[in-house]
Amino acid sequence: MPELPEVEVVRAGLEPAVTGAVVRAVTVLDERALTRHPGSGPHFEAVLTGRTLRAAARRGKFLWLPLSPGEHSLGDEALVAHLGMSGQILLRSPGAPAERHERVRLDIEHPDHGELAVVFADQRTFGSLAIAAMVATADAAPGGRGAFEPSIPSQVAHIARDPLDPAFDDRRFRETLATRRSAIKRVLLDQSVISGVGNIYADESLWAARIHPEALASDLPTRAVTRLLNEVGVVLEKALAEGGTSFDAQYVNVNGQAGYFAHSLNAYGRTGQPCPRCGRPIVRVSFMNRSSHYCPHCQRPRAR
DNA sequence: CTCATGACCTGTGCGC
DNA sequence: TGCGCACAGGTCATGA
């Protein structure tokens, strides 16, 4: 479940279940789930076993669980997770049968809730788990939602803060846009500029702000940028409140349940259907090896 | 540095 | 019924 709202649903579901829990056992069923881990499957299992999970944090689409110190760790470390295109993190009963695309399982024990299985399942294997060192944040603010310390996993350090983060720097975002001579949608998808926005919410935010996805970022008037940043926040918050977007059973919370935001989409996936604002058909075009959906009437190339 | 493209995977649905 | 193709929520490496 890939974009910010879906990942936040997972983080929030994980938080009460894993905070304070001890990792009793780790099983790596498919090492492709560890492509970002600097070590083998057995190494991952050995390093993680016995550690206590201290929180559930997120920045953009990256999740991490800060870890208690390990035997050989030099500084703070975290278990980092990215769901890629099709990853899921599920909470199951101990000994629950393997999920169809299960890649890694943690057996944990929580002081209040007892034993639980944390299952990482991922059809397309673009997602991954890893153990990474924590490094200081550049702005000394907490690393992200659910993080209490001003640190971030090294693998996530290059990711910008997301628009739901109180420490998101609006001014810097505006300044960056002004220098980018490339399509605004490409910039919205650049996780080093603004994180958490993927293909669905980029299309939805641009539709709401009435900006053409291929309008040049540097050409956008100040008021268009203001509108866009506001709409990104509104769209992400609304999607989060509705449990995220689920087109199929792939995108679910930690209990396997789907979100409802698919019913609230105005542009994404609505090719040929009437624009909810003007009634003319939404079009789909190929862009960056994926799809853009927009209303050619409401979203003109030269934004106002 | 910025920008654009393709690689990495599995699965589903469509037209022929 | 079967086959090939297009497409799917993301990130990263590698060129120009």
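Model, not experiment: these values are computed from the prediction. Note on naming: letters A, B, ... go to the chains in the order of the sequence lines (proteins, then strands), and numbering restarts at 1 for each one.
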Rounded to the nearest angstrom, tell me the gap between atom [atom1] in [X] and atom [atom2] in [N].
X: A/Leu265; N: C/dG9; atom1: CG; atom2: P; value: 12 Å
X: A/Met288; N: B/dT2; atom1: CE; atom2: P; value: 15 Å
X: A/Asp30; N: B/dC8; atom1: CG; atom2: C1'; value: 14 Å
X: A/His293; N: C/dA8; atom1: NE2; atom2: P; value: 6 Å
X: A/Asp190; N: C/dC12; atom1: CG; atom2: P; value: 11 Å
X: A/Glu31; N: B/dC9; atom1: CD; atom2: P; value: 14 Å
X: A/Glu175; N: B/dT2; atom1: CD; atom2: P; value: 14 Å
X: A/Leu83; N: B/dC8; atom1: CG; atom2: C1'; value: 17 Å

So, does [X] get its side chain near the phosphate of [N], meaning an N or O under 4.0 Å from OP1 or OP2?
X: A/Gln123; N: B/dC9; value: no
X: A/His82; N: C/dT11; value: yes
X: A/Arg186; N: B/dT5; value: yes
X: A/Tyr268; N: C/dG9; value: yes
X: A/Arg32; N: B/dT10; value: yes
X: A/His101; N: B/dC9; value: no

Salt-bridge present ([X], [Y]; N to O < 4.0 Å):
X: A/Arg180; Y: A/Asp190; answer: yes
X: A/Arg24; Y: A/Glu115; answer: no
X: A/Arg32; Y: A/Asp122; answer: no
X: A/Arg172; Y: A/Glu175; answer: no

Output the single nucleotide from [options] whose closest atom is nearest the side chain of [X].
X: A/Asn199; options: B/dC9, C/dG9, B/dC3; answer: C/dG9
X: A/Met85; options: B/dG11, C/dG9, B/dA4; answer: C/dG9
X: A/Arg100; options: C/dG10, B/dA4, B/dT12; answer: B/dT12
X: A/Lys61; options: C/dT11, B/dA4, C/dG9; answer: C/dT11
X: A/Phe62; options: C/dC12, C/dA8, C/dG9; answer: C/dC12
X: A/Asn289; options: B/dG6, C/dG9, C/dC12; answer: B/dG6
X: A/Arg284; options: C/dC7, C/dG9, B/dT12; answer: C/dC7
X: A/His158; options: C/dG9, B/dC3, C/dC12; answer: C/dC12

- Item | A/Asp107 side chain near A/Val23 side chain, heavy-atom distance below 4.5 Å | no
- Message: Please identify which of these residues, A/Arg59, A/Lys61, A/Arg58, meets the side-chain hydrogen bond (donor to acceptor under 3.5 Å, both in side chains) condition with A/Asp162.
- Response: A/Arg58
- Message: So is the aromatic ring of A/Phe126 stacked onto the base of B/dC8, judging by whether the centres are under 5.5 Å apart and the planes are under 30° apart?
- Response: yes
- Message: Is it true that, when you exclude A/Arg174 itself, more than 12 heavy atoms of the residues, nucleotides or ligands shown sit nearer than 6.0 Å to its CZ?
- Response: yes
- More than 12 heavy atoms of other residues, nucleotides or ligands under 6.0 Å from OH of A/Tyr260: is that the case? no
What's [X] touching, base or sugar-phosphate or nothing? Going by heavy atoms closer than 4.0 Å.
X: A/Asp122; result: nothing
X: A/Phe247; result: base
X: A/Arg36; result: sugar-phosphate
X: A/Ser291; result: sugar-phosphate
X: A/Arg180; result: sugar-phosphate

- Message: Could you check whether A/Arg277 makes a cation-pi contact with A/Trp207, meaning its NZ or CZ is under 6.0 Å from the centre of the six-membered ring and within 45° of the ring axis?
- Response: yes
- Message: Would you measure the distance from the P atom in B/dT12 across to the matching atom in C/dT11 and give it in whole Å?
- Response: 24 Å
- Message: What's the gap between C/dG9 and B/dC3 when it is taken at their C1' atoms, as a whole Å value?
- Response: 24 Å
- Assess whether one donor atom and one acceptor atom, taken from the side chain of A/Arg290 and the base of C/dA8, lie less than 3.5 Å apart. no
- Message: Determine whether a donor-acceptor pair (N or O, by modelled atom type, separation under 3.5 Å) exists between the side chain of A/Glu6 and the backbone of A/Val252.
- Response: no
- Query: Under a cut-off of 3.5 Å for both distances of each Watson-Crick or G-U pair, what dot-bracket string does DNA chain C give, using [ ] for crossing pairs and | for inter-strand pairs?
  - Reply: .|||||||.|||||||
